[in-house]
2 protein chains.
Amino acid sequence: MTQNDTVTRILNAAETLFAEKGFSETTLRSITEQANVNLAAVNYHFGSKKALIQAVFARFLNPFCVLLDSNLDAFEAQTTKQTTDLHGVLGVLERTLLASLTGDTSQERLSIFLRLLGLAYTQSQGHMRRFLKSNYDVTYKRIVSVIQESNPDVSENDLFWRIHFAVGSMIFTFSSIESLRAIANNDLHTDNTVPDIVKMLIPFIEGGINRRLVAP
Amino acid sequence: MTQNDTVTRILNAAETLFAEKGFSETTLRSITEQANVNLAAVNYHFGSKKALIQAVFARFLNPFCVLLDSNLDAFEAQTTKQTTDLHGVLGVLERTLLASLTGDTSQERLSIFLRLLGLAYTQSQGHMRRFLKSNYDVTYKRIVSVIQESNPDVSENDLFWRIHFAVGSMIFTFSSIESLRAIANNDLHTDNTVPDIVKMLIPFIEGGINRRLVAP
DNA sequence: ATACGTTTGAAACAACTGTTTGAAACAAAG
DNA sequence: CTTTGTTTCAAACAGTTGTTTCAAACGTAT
């Protein structure tokens, strides 16, 4: 089907360019040029630029949420609530994140995925936040409650903020990972791969979330 | 002086609108309208929109870096290198951050400041990154080396990434703090102030950076 | 082959962008 | 008052943006 071909070519080009330059800075002309389709194709197939942005997110988030849900089912079935530990939950998250990005260039797509998420949080506060909230809120709420079960001794409010601190460290890191890797390479002469960085990030998050508050 | 008045009115309006909508999404017409100045005033006083963006950052970062530098001098004078601990360094950072934002609305300005920083990292990868690098790299490198002194047993590479995980958690949190507070208020019926959140964030960062890697 | 709904194509549209212009208003000094 | 340099103003400029239009090309059932 030539329609499907055009649609996916637009999605691929949009995904790359959005991650590179942001939403407002990416023009429909640059997208359709890179996709080798006519300018009018975007408005014909998606209706508007806003709808195209949402379609790019949906192509990522729909399979991810489905996979995460089933992985959480399996995880909860194999462990009782008492033994639910943060390390296990984060393991499920990490594996789902990597597995949901199929294909040979999964490393790059992980960065793109998280960079787009970061852009959605900072940029374009209007329609994207509503779109994410109305489509993926149930999955978000579930992962929060699972983490809460693994830390019953920390107050709900504290845990809520620690989770978002952790989300922030992850999104920020991968949003600017190209420049961070360049700095590390230049200053420290190290060349960390994306899995390397994930292996450092997960313990950081564990340490931050599990941290006991000490009296000053 | 009416010139200075126009300049600061433009800077105030630009600062607010940039933080609200981002750089590309904010038009010069909306800035000059909110500042009650003529449209041409921006190009007359600053030269271009890019230069205006950099001026907004300079107004924040210049006093902050000067203050941080002297605070680090005082901190290093009062403690030997052996006793340099992460807790103390983060305390200096926190106090400098809050103190550099003078005025009665310091809470709001802290959010605006960090939100702009986050935008500079994700959006507009070109001129802003060069501007930040060429103007504030010495201060950045100093704070990194001080943290490294406080954690001599962690490898340079690990510490580099943990520092950026921490920066990410801070920037991300304050970039979207309005919506996060709204969610917390709606879901948990809590109303955390900005200092409350800082008090939770600092221990999180300490826990993440100090975290010992455990064998799986 | 004919007819019909779908998809593509080139061109134009209206709106908005940052920037420039040149005259007017202003302030300060001779 | 006149002159000088600085600042403001309304208007226009040239370029780009997302979107629309409508005819041509396409694929597919009758």
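Only heavy atoms go into these numbers, but all of them, side chains included; no hydrogens, no water, no symmetry mates. So you know, we letter chains A, B, ... as the sequences are listed, proteins then strands, and number each from 1.
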Short side-chain to backbone donor-acceptor contact, [X] and [Y], under 3.5 Å:
| X | Y | result |
| --- | --- | --- |
| B:Asn186 | B:Ala182 | no |
| A:Ser176 | A:Ser179 | no |
| A:Ser175 | A:Gly118 | no |

Sequence-distant partners of B:Phe160, ring pair (Phe, Tyr, Trp, His ring centres under 6.0 Å), two or more places apart: B:His164

Distance check: side-chain N/O of B:Thr6 vs OP1/OP2 of D:dT8, anything under 4.0 Å? yes

Looking only at side-chain N and O atoms, does B:His45 come under 4.0 Å of OP1 or OP2 in D:dT8? yes

Could you tell me the separation between the [atom1] atom of [X] and the [atom2] atom of [N], rounded to a whole number of Å?
| X | N | atom1 | atom2 | answer |
| --- | --- | --- | --- | --- |
| B:Lys49 | C:dG18 | NZ | P | 4 Å |
| B:Asn43 | C:dT20 | CG | P | 6 Å |
| A:Asn38 | C:dA12 | CG | C1' | 13 Å |
| A:Leu17 | D:dG18 | CG | C1' | 16 Å |
| B:Phe46 | D:dT7 | CZ | P | 12 Å |
| B:Leu52 | C:dT17 | CG | P | 15 Å |

Please pick, from [options], the nucleotide with the shortest atom-to-atom distance to any side-chain atom of [X].
| X | options | value |
| --- | --- | --- |
| B:Tyr44 | D:dG18, D:dT7, C:dT19 | D:dT7 |
| B:Ala40 | C:dT20, C:dT8, D:dT8 | C:dT20 |
| B:Leu39 | D:dT6, C:dT19, C:dG9 | C:dT19 |

Describe the nucleic acid contact of A:Ser24 in one word from base, sugar-phosphate, nothing, applying a heavy-atom distance below 4.0 Å. nothing

Rounded at 0.5 Å granularity, tell me how far CD in B:Gln148 sits from CD in B:Glu156. 4.5 Å

Would you mind writing out the side-chain donor-acceptor pairs for residues 54-68 of chain A within the sub-3.5 Å range, not counting sequence neighbours?
{"residue": "A:Arg59", "atom": "NH1", "partner": "A:Asn12", "partner atom": "OD1", "Å": "3.1"}
{"residue": "A:Arg59", "atom": "NH2", "partner": "A:Asn12", "partner atom": "OD1", "Å": "2.9"}
{"residue": "A:Arg59", "atom": "NH2", "partner": "A:Glu15", "partner atom": "OE1", "Å": "2.8"}
{"residue": "A:Asn62", "atom": "OD1", "partner": "A:Tyr136", "partner atom": "OH", "Å": "2.9"}
{"residue": "A:Asn62", "atom": "ND2", "partner": "A:Ala58", "partner atom": "O", "Å": "3.3"}

Using a strict heavy-atom distance below 4.0 Å, which residues from residues 27-36 of chain B are in contact with DNA chain D? B:Arg29

